[in-house]
Amino acid sequence: MNSIVLLFVLLKSLIQYPQLMGDAWDEETRFRMEVHAKQLEWERIRLEQEMEPLTLKQVQLMELLQLLAVAVLGFLVLVLWLMGCKRSMRRKGHEEVNNVANEEEVRKGDANEEVDVGNADNDDANREEDGNDDGNVQEVGNASANGEDNIENEVVSEAANAENNDRAHSVYQGDNDLDENIGRILMERIQWPVQDLQAGCEWTRNLMDNFALYFGHVLSNTFYPGLQGAIGVGSAFEGWSPREHDVVYQVLIPMTPPRGHSFHLELDSAGQRHKRNFRIRVQLECTCMKEQQAENMLCFLHHSREELRRNQDPSLLDSLCTNSYLDVKKTAYWFYQLVRAIWPALPQSHNWHLKLLPSRRSCQFQVTNGREIFRIKMLFGVRRGDSDIFVSSQPREAHTKSTTWPETYAVAEMKFFKHIAKQAPPDSVHFKCLEFFTRLLLAFSFPTHTTKTIVMHLLNVTPVSRWSRRHLLNRLLDISQSLCLCVLVKRLSHFILGNQRLPQDIRLPPDVQAAQPYNLFHRLAEEADAHSQAMNDYQVLRMWLKRILLGQH
């Protein structure tokens, strides 16, 4: 009985408290599960730690690629913007030059068909003669515009590539500005003349100063023209030269009338359409009231010819004149004799050898010391009043009359370049552009003064700050485009005559300041063959220019 009761109680307890065994099993299972969970967590943390450097590198690489893409995009936008600005500035400069070059056509309109070679009346009158030129003009104009845009685009693209390479390899140190890089490349690519003009000009000035001292002594009591201090003119004294060798140092020596004489300038208007020539009439003046000041001088007007012949040297009318007008050739020969006689007394004669060179309207000579050679050209002339305009012995044509003295603007042009030099930046390239194009045009039919006139017009309308090395490409293209426009309209206006925008320190006579600028390209307007030749020459010149700028020559 007791055994049955004990078995019943035990069975009942098992039925009522089965959780004791279940709780124990659950605790162990839970413990194992927690351990497994911890192991999984540790494994996850380990994997994350292993993946973290790789992910960071990927993020950095993506950021770098994004920055690089933004930089490339910004650089392309900058290049496009710069190209647009350059085209805009160049077009503005061309419009200004074209306006300056043709401003007299606008003023005159149809009233002055003599100067306005591009007006409708002349076109109608010469339509049959110039009919074949119209298509050529349009072709040259379009080819020039497209061609020079291509030149600019190709040079800019090449410079941009060079700039990128320089940045990548750290070859080019300094300012990597695109315009500066283009200027640097072009300066290295173009063959500029190597010469020391400043030293040559200084040597020439010293020689002329020594000559002036002896001129004063020798001519003080004569009836030959008085000679004032020489003025350096021409390209060398302006600061540039079209030649690398054989530079000519040109000076102008102003002449004054001797005692008892006066000079009267007469404009020779016969056939003067595109030039201004003068004659210098020599007139005798009464000196009777001045005999106390010059006791040895007889009055050429009031003393007998016999008395004058016995007691006084001949007047200027009897020595250097032809029909009362000062003769250029006689004056030049007198200059030769004067230079030959004075040279042995100069200090330069001890170390330098003088060689006189043939010339009918100037005094040219060469001096050398065995190492250096200087070629000097002495022109002589008479100043117009107190201005910077002279009539001089410099001929304009091969067969200029001996009594003809062309008006020269060399002193005014020299002063203009000196004015520009005072304002120009230290790395100004206006002389480089002038030398480059002048040398380039020597092989073509354009007048020798063409490039200088175009550059002076551009200097007069373009700020001097725009002529630094970084603007070299734009200025070269400006000159080329200006030449193209002048050929197309058959007109290149003289720079000095009628120019109202000259610096105030350049003094002009009233008639020069108010004159209508004559056309340096008048031959193109008058001769169809000359115009066709000029257009063909320009096309060849533009091709040469492109090859030089791209380094293909």
Participant: I want to check something: taking the side chain as every heavy atom from C-beta on, are Tyr336 and Leu338 in contact at a cut-off of under 4.5 Å?
Facilitator: no

Participant: If you measure from NE2 on His302 to CG on Leu284, what distance do you get to the nearest 0.5 Å?
Facilitator: 11.0 Å

Participant: Does some side-chain heavy atom of Thr331 sit less than 4.5 Å from a side-chain heavy atom of Tyr224?
Facilitator: no

Participant: To the nearest 0.5 Å, tell me how far Ile342 CD1 sits from Leu346 CG.
Facilitator: 7.0 Å

Participant: Report the distance from atom CG of Leu316 to atom NZ of Lys330, rounding to the nearest 0.5 Å.
Facilitator: 10.0 Å

Participant: Are the side chain of Trp405 and the backbone N or O of Val382 linked by a donor-acceptor pair below 3.5 Å?
Facilitator: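 Checked: no pair found.
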
Participant: Can you tell me how far apart CG (Asp537) and CZ (Arg542) are? Round to the nearest 0.5 Å.
Facilitator: 12.5 Å

Participant: For a side chain to side chain contact (heavy atoms under 4.5 Å, CB included) check, start with the C-alpha distance between Gln283 and His261, then their side-chain angles and the critical distance, and finish with the verdict.
Facilitator: CA-CA 6 Å; Gln283 182 173 311; His261 299 74; over 6 Å; no

Participant: So, Gln394 versus Lys377: side-chain donor-acceptor pair below 3.5 Å or not?
Facilitator: yes

Participant: Run the salt-bridge test on Arg523 and Glu526 with the 4.0 Å N-O cut-off and return the result as yes or no.
Facilitator: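 So Arg523 does not pair with Glu526 through a salt bridge.
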
Participant: Okay, side chain of Ser362, backbone of Gln364: is any donor-acceptor separation there less than 3.5 Å?
Facilitator: no

Participant: For Thr222 and Leu219, indicate whether the former's side chain and the latter's backbone hold a donor-acceptor pair under 3.5 Å.
Facilitator: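 Side chain of Thr222 to backbone of Leu219, a donor-acceptor pair under 3.5 Å: yes, one is there.
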
Participant: Are the charged groups of Arg439 and Glu435 less than 4.0 angstrom apart, N to O?
Facilitator: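 Judged by the 4.0 Å cut-off on N to carboxylate O distance, Arg439 and Glu435 do not form a salt bridge.
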
Participant: Determine whether a donor-acceptor pair (N or O, by modelled atom type, separation under 3.5 Å) exists between the side chain of Lys490 and the backbone of His531.
Facilitator: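 No: the side chain of Lys490 does not pair with the backbone of His531.
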
Participant: Where do Val367 and Leu354 come nearest, in terms of heavy atoms and distance?
Facilitator: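 Result for this residue pair: CG1-CD1, 3.9 Å.
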
Participant: Quick check against the 3.5 Å criterion: does His303 have a side-chain atom that pairs as donor or acceptor with the backbone of Cys299?
Facilitator: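 Checked: pair present.
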
Participant: To check you understand the geometry: which heavy-atom pair defines the closest contact between Phe335 and Met255, and what is its length?
Facilitator: CE1-SD, 4.4 Å

Participant: For Ala528, is there any backbone N or O sitting under 3.5 Å from a side-chain donor or acceptor partner on Ser532?
Facilitator: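 Yes; at least one donor-acceptor contact below 3.5 Å.
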
Participant: Do other residues, nucleotides or ligands put more than 12 heavy atoms under 6.0 Å from Asn323 CG?
Facilitator: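 No, not enclosed.
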
Participant: Do you know which two heavy atoms are closest between Ser262 and Pro257, and how far apart they sit?
Facilitator: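 Closest heavy-atom pair between Ser262 and Pro257: CA-CB, 3.9 Å.
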
Participant: Using a strict cut-off of less than 4.0 Å between a Lys/Arg side-chain nitrogen and an Asp/Glu carboxylate oxygen, indicate whether Lys415 and Asp388 qualify as a salt bridge.
Facilitator: yes

Participant: Which is it for Thr450 and Phe521 under the side chain to side chain contact (heavy atoms under 4.5 Å, CB included) test, yes or no, and what are the steps along the way?
Facilitator: CA-CA 9 Å; Thr450 297; Phe521 277 0; 3.7 Å; yes

Participant: Any chance you could lay out the side chain to side chain contact (heavy atoms under 4.5 Å, CB included) test for Ile389 and Leu508, step after step, and finish with the verdict?
Facilitator: CA-CA 6 Å; Ile389 305 301; Leu508 302 181; 3.7 Å; yes

Participant: Is the side chain of Ser349 donor-acceptor paired with the backbone N or O of Ala345 at a distance under 3.5 Å, no angle test?
Facilitator: no

Participant: What are the two closest heavy atoms between Tyr249 and Cys201, and how far apart are they?
Facilitator: CE2-N, 3.5 Å

Participant: Write down the atom of Phe380, the atom of Leu252, and the distance for their closest heavy-atom approach.
Facilitator: C-CD1, 3.9 Å

Participant: A cation-pi test, strictly: NZ or CZ of Arg383 under 6.0 Å from the centre of the six-membered ring of Phe390 and no more than 45 degrees from its axis. Yes or no?
Facilitator: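 No cation-pi geometry.
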
Participant: Could you check whether any side-chain N or O of Ser359 sits under 3.5 Å from a backbone N or O of Cys363, counting only pairs where one atom can act as donor and the other as acceptor?
Facilitator: no

Participant: For the rings on Trp203 and Trp352, is their centre-to-centre separation under 6.0 Å?
Facilitator: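 When the ring centroids of Trp203 and Trp352 are compared, they turn out to be within the sub-6.0 Å range.
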
Participant: Evaluate the criterion side chain to side chain contact (heavy atoms under 4.5 Å, CB included) for residue pair Phe237 and Phe417; output intermediate values, then yes/no.
Facilitator: CA-CA 9 Å; Phe237 283 94; Phe417 280 109; over 6 Å; no

Participant: Does the distance from a Lys or Arg side-chain N to an Asp or Glu carboxylate O, for Lys418 and Glu238, drop under 4.0 Å?
Facilitator: no

Participant: Indicate whether any N or O donor in one side chain lies under 3.5 Å from an N or O acceptor in the other, for Gln516 and Tyr518.
Facilitator: no

Participant: May I ask you to test the Leu356-Arg340 pair for a side-chain heavy-atom distance under 4.5 Å?
Facilitator: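 They are in contact (side-chain heavy atoms under 4.5 Å apart), so the answer is yes.
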
Participant: How about Arg305: does its CZ atom have over 12 heavy atoms from other parts shown lying under 6.0 Å from it?
Facilitator: no

Participant: Is Arg279 paired with Asp327 through a side-chain N to carboxylate O contact shorter than 4.0 Å?
Facilitator: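 Arg279 and Asp327: not salt-bridged.
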
Participant: Looking only at the side chains, is there a donor atom on one of Ser445 and Gln533 sitting less than 3.5 Å from an acceptor on the other?
Facilitator: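 The criterion, which ignores hydrogens and geometry beyond distance, is not satisfied for Gln533 and Ser445.
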
Participant: Is it true that His449 and Glu413 share a donor-acceptor pair across their side chains at a distance under 3.5 Å?
Facilitator: yes

Participant: Answer yes or no: is there a side-chain heavy-atom contact under 4.5 Å between Tyr409 and Arg276?
Facilitator: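 Side-chain contact under 4.5 Å: yes.
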
Participant: Between His494 (side chain) and Leu497 (backbone), is there a donor-acceptor pair under 3.5 Å?
Facilitator: yes

Participant: Report the C-alpha distance between Trp544 and Phe444 in whole Å, list the side-chain angles of each, state the deciding distance to 0.1 Å, and finish with yes or no for ring-ring contact (aromatic ring centres under 6.0 Å, His included).
Facilitator: CA-CA 12 Å; Trp544 286 13; Phe444 299 97; 5.1 Å; yes

Participant: Do Gln423 and His419 have a side chain donor and acceptor closer than 3.5 Å?
Facilitator: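 The criterion, which ignores hydrogens and geometry beyond distance, is satisfied for His419 and Gln423.
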
Participant: Between Phe223 and Ser319, is there a side-chain heavy-atom distance shorter than 4.5 Å?
Facilitator: no

Participant: Quick one: are Arg466 and Arg475 in side-chain contact, heavy atoms under 4.5 Å?
Facilitator: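 Yes, their side chains come closer than 4.5 Å.
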
Participant: Can you find a side-chain donor-acceptor pair between Glu407 and Asn277 that sits under 3.5 Å?
Facilitator: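 Side-chain D/A pair, Glu407 to Asn277: absent.
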
Participant: Check whether any side-chain heavy atom of Leu320 sits under 4.5 Å from a side-chain heavy atom of Pro225, and report yes or no.
Facilitator: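 Sidechains of Pro225 and Leu320: in contact.
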
Participant: For Arg361, does its backbone N or O pair with a side-chain atom of Ser393 as donor and acceptor, under 3.5 Å?
Facilitator: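 Checked: pair present.
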
Participant: Is there side-chain contact between Asp268 and Phe278, with at least one heavy-atom pair below 4.5 Å?
Facilitator: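 They are not in side-chain contact.
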
Participant: How close do Ser493 and His457 get, counting heavy atoms only, and between which atoms?
Facilitator: O-NE2, 3.0 Å

